[in-house]
2 protein chains.
Amino acid sequence: MRCAAAQRVSRGCALTVTIREVADAAGVSTATVSRALSGVQTVDPELVARVRESAESLGYRANRVARALRRQSTQTVGLVIPDITNPFFPAVVQAIERELRHDGLSLLLCDAGNDVDVEAELVRNLFDHQIDGLLISACDRIASRPAVQLAASRVPVLQIDQQTVAEVPYVGVDQADAMGQIIGHLRDQGCQSFAYIGPRPEIPTARERFDAFADRVKPVDPAAANRTYLGDSSIAWGHEAANRILADGPPPDAIVCANDQAALGALQALREHGVKVPGDVALTGFDDTVLATACEPQLTSVSQPLEELGARAVRELSAAIGQELRQPRSVLLEASLVIRGSSRRLPPTG
Amino acid sequence: MRCAAAQRVSRGCALTVTIREVADAAGVSTATVSRALSGVQTVDPELVARVRESAESLGYRANRVARALRRQSTQTVGLVIPDITNPFFPAVVQAIERELRHDGLSLLLCDAGNDVDVEAELVRNLFDHQIDGLLISACDRIASRPAVQLAASRVPVLQIDQQTVAEVPYVGVDQADAMGQIIGHLRDQGCQSFAYIGPRPEIPTARERFDAFADRVKPVDPAAANRTYLGDSSIAWGHEAANRILADGPPPDAIVCANDQAALGALQALREHGVKVPGDVALTGFDDTVLATACEPQLTSVSQPLEELGARAVRELSAAIGQELRQPRSVLLEASLVIRGSSRRLPPTG
DNA sequence: CTGAAAGCGCTAACAG
DNA sequence: CTGTTAGCGCTTTCAG
């Protein structure tokens, strides 16, 4: 009489094949099947061949739930991000998922919708799933800390892009350096007075960008401190803020934006007022999203290495999960300035 | 002597608390704890209170891996998409994740990178995880079929946006109707000759859009069949195709694009050639992405109900997983035309 | 090198 | 209504 699995296959039922059935088919114990397939212990080559063949012909695939329960390791990592519709994330998420897969890990994705309470619940939920590691890009510079700290006490955690807890490793991009590149470029173009449009600094990168702007600009243009417009990350805010800049007095030589959305909104507002970009006002974005090349003139922006960010994050986390490291290491990547029409007032020197 | 969990807590270890420990603390059996917390069977109210209190104070959270193994249900669904960096997906994914969470389900996200072989492997992988259901937006109209069919033989499957297998339910948007709205609008604006720029119809929606264009335009402009430019979904292809249109003869009254990327590329090419939009040529996009409002003139486009798409998909799949339905039902949603400057040649009538 | 047996944490069947 | 017991599918001792 044939075994249960073969009967099911012959009946056309594509249901689950268990290790028991492979063992019966190969005439060995389940322990031997497990060892032969995982290669964790030396097994008679002939048995290995028989087991492989049986497994193959039955279409056996190990049940990861059962394995996880026994091994106390799910080979699964959680990813918590504030908002996948933020154009920054898709490329990062894609790289993360791909790299995890290469390491045999799977991804539980959670979108916190920029809500700290949801975020905390998501982290708890992920622990119910017994994740082996966590990647998190926090919603809030302060309010997200408890969730990150709790998580880090349980499994390897890597903060992505946003560092809210200094003690927990993170992989990010050097925001201050990037902002420095922007200001340096604008000064090279002859700009001497500056304004800033960006979101309120509720998350670390927003704050880093803003602080770096203030630092770099203060020596040249102390009055810039009075021309900082903090709202949200929308095109609408860029539009609104640019209107206020024009209403508040003579426009500065340059408007520095903390993201491309703000720059695009500002560009539209400036155009409506007949202010020429870059002739009257130089304009810069940040993040080098698809928006930067959609408008006319195209936006000078800062390109962050999104794929590398995701890939490095996984490499570090993965090493920590695989016990090669006690804890993931922090990594700081460099962004690169992409100069386009919105800020180009002088022909390139050289 | 105190139980193991209490000892760990007092030592500051935030490790896992098992149901055994809750049972000991409450002085009942593990079965009673399970019943009291899940509410699946009536339990003495006083015991329920004691159990709740113990669970609460120990910080007990059920291990979903163990539960899944026992219940033969992980409360987890897989989502396979071709490319998360395609601007269509983030909003859909966000809605899916949110709705799943409301139903107590978790999301395993997989990005196939537009590769059919990867896609097939991802589906197998998801089954190793014992997913309770699958949402899939297939990479290829033909080559993705085996993977979708295999999946559908195992768990409830819902095709998202792309229907590759007619027998498997799907949630999508009526592409033909949307294209009909575009053509109707352009004709209202007085356009009589048309060109089409889009991707090669490797996926169902691309084909539906193209076929609908051909159908609707043929009666008015038979020559349009010679002005169809099929490439990929990039801005670069839109640019290239528009250049070819201008090179191939006098421009048509309207260029219909299968996505906003193509329309944007075309807009840039037309501008470079001094062709006025919408004066000389009316132009339309598709999908109403962020690109549509980034350029000047802004693009007339078709807005698809992305959140609703995700939400409906989850509703149907969730019902099937919860046994309320044998199989998810198909849903066809309507898109809506968003008229902007790129196609507006006449003042609105009325 | 192989098999028997235990058990991961939970839930459901079965008695009481 | 509650406890005892078995067992989900797998891996890993422990004997042999």
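These numbers come from a predicted model, not from an experiment. First the proteins, then the strands, lettered A, B, ... as listed; each starts at 1.
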Legend entry - Flag for A:Ser318-A:Glu316: side-chain donor and acceptor within less than 3.5 Å: no
Inset, instruction - Rounded off to whole Å, could you give me the CG-to-P distance for the A:Asp128 and C:dG9 pair? - result: 14 Å
Legend entry - Residue-level proximity of residues 34-54 of chain A to DNA chain D when a heavy atom falls under 4.0 Å: A:Ser34, A:Arg35
Inset, instruction - Taking only the side-chain nitrogens and oxygens of A:Gln72, find out if one of them lies under 4.0 Å from OP1 or OP2 of C:dG7. - result: no
Legend entry - d(CG, A:Asn63; P, D:dC10) in whole Å: 5 Å
Inset, instruction - Assign each of B:Arg71 and B:Val28 to its nearest nucleotide of DNA chain D by heavy atoms, then name whichever residue's nucleotide is nearer the 5' end. - result: B:Val28
Legend entry - Closest nucleotide among C:dC10, D:dC10, D:dT2 to the B:Thr32 side chain: D:dT2
Legend entry - Reported CG-to-NE2 distance for the pair A:Leu108 and A:His129, which is rounded to 0.5 angstrom: 5.5 Å
Inset, instruction - Could you tell me whether a side-chain N or O of A:Ser137 sits under 3.5 Å from a main-chain N or O of A:Ile160, the two making a donor and an acceptor? - result: yes
Inset, instruction - Provide, to the nearest angstrom, the distance between the CZ atom belonging to B:Arg61 and the C1' atom belonging to C:dC10. - result: 16 Å
Legend entry - Interatomic distance, B:Arg64 CZ vs C:dG9 P [rounded to whole Å]: 17 Å
Legend entry - Salt-bridge present (B:Asp128, A:Arg64; N to O < 4.0 Å): no
Legend entry - Separation of atom CZ in B:Arg67 from atom C1' in C:dC8, rounded to whole Å: 16 Å
Inset, instruction - Taking only the side-chain heavy atoms of B:Arg70 (C-beta and beyond), determine which of C:dA12, D:dC10, D:dG3 contains the nearest atom. - result: C:dA12
Legend entry - Distance-only polar pair, side chains of A:Gln159 and A:Thr164, donor-acceptor under 3.5 Å: yes
Inset, instruction - Take the protein atom NE2 of A:His129 and the nucleotide atom P of C:dG9, then report the distance between them rounded to whole Å. - result: 17 Å
Inset, instruction - Any chance you could measure B:Ile321, atom CD1, to B:Asp103, atom CG, to the nearest 0.5 Å? - result: 9.0 Å
Inset, instruction - Specify the separation, in whole Å, of atom CD of A:Gln75 and atom C1' of D:dT11. - result: 14 Å
Inset, instruction - Look at all strands and tell whether B:Ala62 reaches a base, only sugar-phosphate, or nothing, counting heavy atoms closer than 4.0 Å. - result: sugar-phosphate
Inset, instruction - Report the distance from atom CG of B:Leu158 to atom OG of B:Ser330, rounding to the nearest 0.5 Å. - result: 7.0 Å
Legend entry - Interatomic distance, A:Ile19 CD1 vs D:dT12 C1' [rounded to whole Å]: 12 Å
